Amino acid sequence: MGNTDSKLNFRKAIVQLTQKNQKIDNNDDQFWDQFWQAHQTTLEDVFALVTASEIRQIRNDNPANLATLCYKAVEKLAQAVDSSCRTQAEQQCVLNCVRLLIRILPYIFEDDKWRDFFWSNLPAQEQANHGQTVPLAQSLINAICDLLFCPDFTVTATRRAGPEKAEELANIDSCEYIWEAGVGFAQSPPRNAHMERRRTELLKLLLTCFSEPMYRTPQQSEEPNKWIAYFTSADNRHALPLFTSFLNTVCSYDPVGFGVPYNHLIFADTTEPLVEACLQLLIVTLDHDMVVQHQQLQQQQQQQHQLAHAGGVLVTPYDEGGCGDNLFINYLSRVHRDEDFHFVLRGITRLLNNPLVQNYLPNSTKRLHCHQELLILFWKICDYNKKFLYFVLKSSDVLDILIPILYHLNYSRADQSRVGLMHIGVFILLLLSGERNFGVRLNKAYSATVPMDIPVFTGTHADLLITVFHKIIATGHQRLQPLFDCLLTILVNVSPYLKTLSMVASVKLLHLLEAFSTPWFLLSAPSNHHLVFFLLEIFNNIIQYQFDGNSNLVYTIIRKRHVFHAMANLPTDMAGIAKCLSGRKTGGKFNLPRVPQRKPATTTTSQELPSAQAPEDDYIDEEDEEEDEDVEDVVANKKTAAAAAAAAAAASGTAEEDLESETESHERSQLGDTQLDSAAPVAQPAEPGTLKTSLLDTPNIGQMTEREHPHPNDKANDLSPAKSASPTLDQTRLSVAHRASIRMVPGDNDRWTPTPEWIVSWRSKLPLQTIMRLLQVLVPQVEKICIDKGLTDESEILKFLQHGTLVGLLPVPHPILIRKYQANSGTTAWFRTYIWGVIYLRNVEPAIWYDTEVKLFEIQRV
């Protein structure tokens, strides 16, 4: 009952603060103590008792009251540190102050006039300390960091010889109180749920302090974050133990524990919220690279020196120049022991694979939702510590990272609210693909332990990679278009090392080429042809360096040879161009050249190669009708150019159906019947009303990568058109729809007009020599065998191709060209927006930043 009365007093005090022109004396301790003493108000209670409109009202009408409230709350925290926070009353007072500050801070950040408030000194404070003062923000961070290593409050006391000999908080060595064993610390302290809850609340306050960039525009977000700069500087004596505590807490967490079913429903897990808070603080602090921002820093200081007195608050610029480097990045880059790398990698893979774990009992194991933060952390560690990257790649452990990434990419491809997750997954694979070992590791056999809605196949992790990428391109939503360059670049990077592709993966690659080489598509935007160059580079790499094991791909190339001939003969006259760009529709069907259908026959002609027959006619007709309905919907909303686009999409869809039947027949002989994994979660669009945050444009692939040869001494003759000009991302490139067809629709503002000169300029550079030579040698041989032996089964041809050789017949092998990821301002800005968007959406109990005026991104509903 007493707690109810104190909550009522707390509520009355808030109302009193809002009264217009009623300034409360800062010496009236009886009034101010109502906010943090004699009551136990949870964080959720504070959010319910203090409304957004009231905080804004105090800020706008009674700024002195808000300033005093913040100052008094920080002062209480500092006093608790001075007295080592030993009594229960002090500890409750600290928690009440922390909860109140979490509630108030976002509303201070959203108002530009208040931005420097925490980095200024109150006049009263200056007079009391004779001008030598510390900004309020530094006092707050110092107090939080001290309290995070407070014996009997947030950590278990190790030394004790009686209450009077308890250690002074200001003098303890926090390295002895690191929260978990792991990197740089051997002992594992006993677990205490109450202490974990308190740490989590203090960390939420830290995260709220660091969230100031949310209230800046993307252009302003490049300004240094003073809060993080101070927190990660040498001025923070707890920087090292905090870094190791965060990292070890995340990497030692095992959500399953002893594996008792449904234990997460019976017992409250206080560790998971702590792990999530540590993870979010790690990615935020590691995103703030002081070296990169040094120039902006100097400009900021000059501007601050020019500021005058504002609103009764004396603005004294905080000199970040003395902060030096970000110690979190420094410590991370210096981790070097294999056992530490193993600990970090095992921890991240354990948590990443948690949502993929299969059980006979539904919902019997705990499911984590922090995979986005984990992927960002993995990215940051690989980026800042190359030794860790090489450690990951030197064993098959990298596949434990690959599989959950591909799972999330596949599952999220249709959900617009998960575009950021798709990007971070692709960026990580781009980073890994720049290293030879990644391509080599992909040759390990894949056993389908993870349910995915992809065709069942027998093959390697490379087949899985190609199949998932094909799904993303073919059935993903429209906002994934800018990633197509990245996806194909990854495949180009690994292609020289792929020893054996399955028939499924081979068919998928050929279907991508068939769709992207459609004449209308090649001519509908100035950069579309780059996708064809990437795909041809993949085929050339495999033929030149891995021909012996890739009979499936060679066979598929031979069967689809007309695609390559059509590319070589792309029209360059204006009449031919106009015909390619125009769509004609007659009798309810689009009158476009169809991919030749196979006819059941006992002998083969020179036009058709054999394959096992599949009853596909009805299936294709049915799909065609569905495709045509889709196409008509699209055409209804577009102009003439779009009609051509939609028409070709129908052809593209049937092309895949034709190809898929080969896959089906081939796999039926091995696996009974090819089908999607029935237990797999199907990729679904986001629920209407789902919140999502906007993202910056995807950086250009040319900005993100630098071209490198594995053997630098080799002189390369690069056949790619991107040698001089990197592929650019054309926003009008593609629109992607469902049913595994690649639907390509130019945007309304598409004014691109191809010229004969432009087509000739790149058509002549198409790297078709190797493939044409392969076709020239093998097609007559294969046709002769088919006629001589009367073959109707593809397996005989595959056997012939397995034992064939092209040694001495192909052009001189081209040097392998790898496009390595390189750090750039575009991805740095993209990551900052993405990180804060994830943190905004993931902190919902309570929703710390909800209903505040965020400027870094837009909050949208799907």
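Values in this document were obtained by computation on a predicted structure and should not be read as measured data. Numbering starts at 1 and runs along the sequence shown. These numbers come from the heavy atoms of this one structure, side chains and all, not from hydrogens, waters or symmetry mates.
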Take R86 and D152, measure what salt bridge (charged side-chain N to carboxylate O under 4.0 Å, His left out) needs, and give me the verdict at the end.
-> CA-CA 7 Å; R86 293 196 183 102; D152 296 325; over 6 Å; no
Side-chain heavy-atom pair [X], [Y] within 4.5 angstrom cut-off:
| X | Y | result |
| --- | --- | --- |
| L101 | L140 | yes |
| Y850 | N843 | no |
| P189 | V155 | no |
| L77 | V94 | yes |
| I376 | L286 | no |
| L100 | W36 | yes |
| L66 | W114 | yes |
| K855 | R216 | no |

Should [X] and [Y] count as an ion pair when the cut-off is N to O under 4.0 Å?
| X | Y | result |
| --- | --- | --- |
| D29 | K72 | yes |
| R11 | E54 | yes |
| R191 | E180 | yes |

Identify the heavy atoms of [X] and [Y] that sit nearest to each other, and give their distance.
| X | Y | value |
| --- | --- | --- |
| P213 | L856 | O-CB, 3.7 Å |
| F831 | D287 | CB-OD1, 4.5 Å |
| S694 | T833 | O-CG2, 3.7 Å |
| N248 | A181 | CB-O, 3.7 Å |
| Q37 | C93 | CG-SG, 4.3 Å |
| I172 | F149 | CD1-O, 2.9 Å |

[X] side, atom [atom1]; [Y] side, atom [atom2] - distance, nearest 0.5 Å:
| X | Y | atom1 | atom2 | answer |
| --- | --- | --- | --- | --- |
| R56 | N60 | CZ | CG | 9.0 Å |
| D25 | W32 | CG | CH2 | 9.0 Å |
| E272 | L351 | CD | CG | 9.5 Å |
| I58 | I104 | CD1 | CD1 | 7.0 Å |
| L205 | L105 | CG | CG | 6.5 Å |
| K380 | L375 | NZ | CG | 13.0 Å |

Determine, step by step, whether T244 and W179 satisfy the side-chain contact (heavy atoms from CB on, under 4.5 Å) criterion, reporting the C-alpha distance in whole Å, the side-chain angles of both residues, the deciding distance to 0.1 Å, and the verdict.
-> CA-CA 8 Å; T244 45; W179 301 344; over 6 Å; no
Any donor-acceptor pair under 3.5 Å linking the side chain of [X] with the backbone of [Y]?
| X | Y | result |
| --- | --- | --- |
| S233 | D235 | yes |
| E110 | E853 | yes |
| T232 | N326 | no |
| N9 | Q34 | no |
| T208 | I102 | no |
| Q280 | A277 | no |
| N225 | F210 | yes |
| N385 | V335 | yes |
| N65 | I24 | yes |

Report the relative orientation of the aromatic rings in [X] and [Y]; use parallel for angles under 30°, tilted for 30 to 60°, perpendicular for over 60°.
| X | Y | value |
| --- | --- | --- |
| Y840 | F857 | perpendicular |
| F246 | F231 | parallel |
| W836 | W849 | perpendicular |

For atom CD of Q19, decide whether the heavy atoms of other residues, nucleotides or ligands shown that lie under 6.0 angstrom number more than 12.
->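 Counting neighbours around CD of Q19, more than 12 heavy atoms of other residues, nucleotides or ligands fall under 6.0 Å, so yes.
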Step by step, work out the salt bridge (charged side-chain N to carboxylate O under 4.0 Å, His left out) result for D112 and R115.
-> CA-CA 5 Å; D112 289 343; R115 180 161 295 171; 3.2 Å; yes
Only one of H369, R842, K204 passes side chain to side chain donor-acceptor pair (under 3.5 Å) with E276; say which it is.
->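 Running side chain to side chain donor-acceptor pair (under 3.5 Å) over H369, R842, K204 with E276 returns exactly one hit, R842.
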Answer yes if the side chains of [X] and [Y] hold a donor-acceptor pair under 3.5 Å, and no otherwise.
| X | Y | answer |
| --- | --- | --- |
| Y215 | T852 | yes |
| N142 | Y230 | yes |
| T271 | E196 | yes |

Could you give me the CA-CA distance, side-chain angles and deciding distance for D146 and R237, then say whether salt bridge (charged side-chain N to carboxylate O under 4.0 Å, His left out) is met?
-> CA-CA 9 Å; D146 283 333; R237 70 187 185 96; 3.4 Å; yes
Could you list the residues that satisfy ring-ring contact (aromatic ring centres under 6.0 Å, His included) with W830, not counting sequence neighbours?
->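 Partners of W830 under the ring-ring contact (aromatic ring centres under 6.0 Å, His included) test: H423, F427, Y834.
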For F47, all residues meeting ring-ring contact (aromatic ring centres under 6.0 Å, His included), sequence neighbours excluded |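 So F47 forms no ring-ring contact (aromatic ring centres under 6.0 Å, His included) with any residue.
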Step by step, work out the side-chain contact (heavy atoms from CB on, under 4.5 Å) result for Q372 and I424.
-> CA-CA 8 Å; Q372 296 189 86; I424 179 65; 5.6 Å; no
Should the pair K226 and F118 be classed as cation-pi, given the thresholds of under 6.0 Å to the six-membered ring centre and 45° from the axis?
-> no
How far apart are the C-alpha atoms of R59 and I108, what are their side-chain angles, what is the distance that settles it, and do they pass the side-chain contact (heavy atoms from CB on, under 4.5 Å) test?
-> CA-CA 8 Å; R59 184 192 68 197; I108 287 181; 5.6 Å; no
Could you walk me through whether F31 and L17 pass the side-chain contact (heavy atoms from CB on, under 4.5 Å) check?
-> CA-CA 10 Å; F31 173 81; L17 285 182; 3.8 Å; yes
Partner set under side chain to side chain contact (heavy atoms under 4.5 Å, CB included) for L202, not counting sequence neighbours = V98, I144, L147, L148, F153, T154
